[in-house]
Structure formats: C-alpha cells, structure tokens
Chemist: 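Below you'll find the structure I mean.
Numbers here are sequence positions counted from 1. Quick caveat, the model's predicted, so the values are computed rather than measured.
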Amino acid sequence: MPSATSTKEIELIIEHTGGGSGGGSLPPAGGNGGGDGGGGGKKPGKGQPSSKRYFTGMAVGIVSILMFFMALASAFLVRKGASGDWGPVRIPTLLWINTAVLLISSGTLELARRRLAKEDGAGFKTYWLLTTALGIGFLIGQVVAWRQLARQGIYLATNSASSFFYIFTGAHAVHLIGGIVALFYVARRNFSEANVTRSVAAEVTSYYWHFLDALWLFLLALLYLGK
C-alpha cells in the first residue's frame, strides 16, 4: 500500500514538472521561456507573420488606391462623352520630363535593392536617397506645371477637363508623398530594433513606388488621349 502511494506521488510530480525535463517545478529563469528575451520563445516566430502582414497590408492598400482611381477614370470618360462643353487641357511639356524623372527613380530604386542584397550598405543608401530626391523632383515639377497652367488661366474650376486634370495629378501627388515618406522611413529606421528586416521593408516600399509609376503612366495616357 505505501509502495502504491509512493508511485502515485512520483507520477504526479513528473506530470507537474513536464515529464522530468529538468529544473523541478520552478519556472524558467527570468521568464525567458515565453517572454521578450533571448533566442527562443516568441522571437523566432515573429519575423514571418510580421513580413506577411506588411505584404498583405501593402496589397490591400494598392488595391484600394487602384479602385479609387478607376472610379475617377470612369467618371472622366462618362463626363467627357456626355459633355458638349468639354474644353481639353493641353498637356504641359514639363509633364513629359516629370514622367522621365519618375521612371528613372524606379530604376535607381531597383539598383538600391540590388546593393542591399549584396550587403553593400553605402551603395544602397546612395541609390535609395537618389530615388527619394528624384521623387521630390517629380513633385516640384508637378507644382511648376500647375503654375504654368494657372498663368494660362486654366484652374480647377475652369471647365470639366481642367477639373479632372487637377484631380488626377493632385491625387497622384498626394499618394506619391506617402511613397516619399516610406523611402525616408526605410533609409532612417534602425531595423535592428524592428520586427521586420530592412530588405523586407525595401521590397514592400518598392512595390508601392513601382505601382505609382505605372499609375502615373496610365493617368497621363488617359489625359492625353481624352483631351
């Protein structure tokens, strides 16, 4: 009888300590088994879900922006077809130069990512900041183009065509500002303290930037063909 009781007590102790994996019934030292510390626990599992959230969030954002501009494009085509007072806006020459600047920025962005993949931090930073400067240059060029139109007496409320021109170019500029903020973030962020690597952040940002480039080409073609 005492032997059977002792056996049961031993089994209960083994169950309580997790199958005798060591350390008796004490919790892991410093709580590292499931907290924010050391190499085990949650930290290895954080990277992958975090990366997926970034890519998913960017995909949702891109689709939302695309739907917004497609709705504007549909309204543009309907209004142009139904209007008898459509006064086409002559595309300023500067917009073609701005387009070239934006396309070049996509090239420098990819060069930056290649440098990052080769662990060339200095090269990455050079091309990344060049991309940022080109993006800012594009925005400055857009403002100059708007001022050129204003000097010609073409404003937002001049006619339907001018309204759509300013809405398209202005909305695109606002979204591009968001891209420039993201470029600054990737350049300045200390990723040793982040839940995502710099390469993942650079890749996600590049998707958004290339999307804005393609969107601009679509809008420019729409404005040119619809004038």
Side-chain angles (χ1 to χ4, degrees), residues 54-55 57-59 61-66 68-70 72-73 76 89-151 154 164-189 191 196-227:
Y54 275 89
F55 286 112
M58 181 53 66
I62 287 175
V63 170
S64 300
I65 295 169
L66 186 60
F68 168 73
F69 277 97
M70 289 303 102
L72 284 179
F76 171 85
V89 176
R90 181 178 176 275
I91 304 296
T93 304
L94 184 57
L95 256 62
W96 302 106
I97 299 173
N98 293 346
T99 301
V101 170
L102 197 59
L103 292 176
I104 292 170
S105 73
S106 272
T108 56
L109 183 62
E110 286 307 306
L111 288 174
R113 288 185 58 207
R114 289 183 185 180
R115 294 292 182 181
L116 183 60
K118 294 178 180 179
E119 299 183 356
D120 178 6
F124 163 77
K125 195 166 186 178
T126 298
Y127 283 112
W128 197 263
L129 292 177
L130 179 56
T131 302
T132 307
L134 289 169
I136 294 172
F138 174 84
L139 288 178
I140 293 173
Q142 294 294 81
V143 172
V144 173
W146 294 333
R147 295 188 63 160
Q148 287 178 352
L149 289 175
R151 283 197 295 269
I154 301 174
F164 276 107
F165 178 89
Y166 281 106
I167 290 171
F168 279 138
T169 56
H172 180 269
V174 169
H175 288 91
L176 196 78
I177 290 172
I180 291 172
V181 171
L183 290 172
F184 272 119
Y185 172 84
V186 174
R188 304 296 297 175
R189 180 74 161 92
F191 284 92
V196 64
T197 63
R198 190 184 298 276
S199 60
V200 169
E203 186 176 0
V204 172
T205 302
S206 71
Y207 291 160
Y208 182 71
W209 196 260
H210 295 324
F211 164 72
L212 290 178
D213 281 13
L215 179 62
W216 173 248
L217 291 176
F218 167 76
L219 294 176
L220 188 62
L222 186 67
L223 291 170
Y224 180 76
L225 298 174
K227 63 182 181 178

Chemist: To the closest 0.5 Å, what do you measure between OH (Y166) and CG (L149)?
Modeler: 4.5 Å

Chemist: Looking only at heavy atoms, what is the nearest atom pair of A202 and R113, with distance?
Modeler: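 It is O-CD, 4.1 Å.
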
Chemist: Work out which heavy atom in A182 is nearest to a heavy atom in T205; give both atom names and the distance.
Modeler: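 Distance-wise, the nearest heavy atoms are CB-CG2, 3.9 Å.
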
Chemist: Going from CG on L219 to CZ on F164, what distance comes out if it is rounded to the nearest 0.5 angstrom?
Modeler: 12.0 Å

Chemist: Ignoring hydrogens, what is the shortest heavy-atom contact between V101 and L134? Give both atom names and the distance.
Modeler: CG1-O, 3.4 Å

Chemist: Please walk me through it: do F69 and F218 pass ring pair (Phe, Tyr, Trp, His ring centres under 6.0 Å)?
Modeler: CA-CA 10 Å; F69 277 97; F218 167 76; 8.7 Å; no

Chemist: Are W96 and I91 side-chain neighbours, meaning at least one heavy-atom pair lies under 4.5 Å?
Modeler: yes

Chemist: First locate atom CG of L220, then atom OG1 of T99, and finally report the distance between them rounded to the nearest 0.5 Å.
Modeler: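 The OG1 atom of T99 is 4.5 Å from CG of L220, to the nearest 0.5 Å.
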
Chemist: More than 12 non-hydrogen atoms from neighbouring residues, nucleotides or ligands closer than 6.0 Å to OH on Y127, yes or no?
Modeler: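 For Y127, atom OH is not crowded (no more than 12 foreign heavy atoms under 6.0 Å).
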
Chemist: With under 30° as parallel and over 60° as perpendicular, where do the rings of H172 and F138 fit, or are they tilted in between?
Modeler: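 Perpendicular: the ring planes of H172 and F138 meet at over 60°.
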
Chemist: Considering all heavy atoms of both residues, which atom of S105 and which atom of T131 are nearest to each other, and what is their separation?
Modeler: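 That would be O-CG2, 3.4 Å.
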
Chemist: To the closest 0.5 Å, what do you measure between CD1 (I62) and CZ (F211)?
Modeler: 6.0 Å

Chemist: Is there side-chain contact between F124 and V186, with heavy atoms separated by less than 4.5 Å?
Modeler: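 They are in side-chain contact.
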
Chemist: Quick check: are there more than 12 heavy atoms from other residues, nucleotides or ligands sitting under 6.0 Å from OH of Y185?
Modeler: yes

Chemist: Taking all non-hydrogen atoms of both residues into account, name the closest pair between Y208 and H175 and its distance.
Modeler: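 Closest approach of Y208 to H175: OH-O, 2.7 Å.
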
Chemist: Within the structure provided, determine whether E203 and F55 are in side-chain contact (heavy-atom separation under 4.5 Å).
Modeler: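 Contact flag for E203/F55 side chains = yes.
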
Chemist: With a 4.5 Å cut-off on side-chain heavy atoms, are W146 and F165 touching?
Modeler: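 A side-chain contact exists here, since the closest heavy-atom pair is under 4.5 Å.
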
Chemist: Counting C-beta onward and ignoring hydrogens, is there a side-chain heavy-atom pair between V196 and V204 closer than 4.5 Å?
Modeler: no

Chemist: With a 4.5 Å limit on heavy-atom distance, are the side chains of L223 and T169 in contact?
Modeler: yes

Chemist: Can you measure from CG (L116) to CG (L111) and round to the nearest 0.5 angstrom?
Modeler: 12.5 Å

Chemist: Using every non-hydrogen atom in the two residues, find where L95 and A145 come nearest and quote the distance to one decimal.
Modeler: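 Of all heavy-atom pairs spanning L95 and A145, the closest is CD1-CB, 3.2 Å.
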
Chemist: Short question: side chain of R198, backbone of R189 - any donor-acceptor pair under 3.5 Å?
Modeler: yes

Chemist: Nearest 0.5 Å, please: how far is NE2 in H210 from OH in Y207?
Modeler: 9.0 Å

Chemist: Go through it in stages, so that I can follow the logic: the residues are L109 and L183, the test is side-chain contact (heavy atoms from CB on, under 4.5 Å), and I'd like the CA-CA distance, side-chain angles, deciding distance and then a yes or no.
Modeler: CA-CA 10 Å; L109 183 62; L183 290 172; 4.0 Å; yes

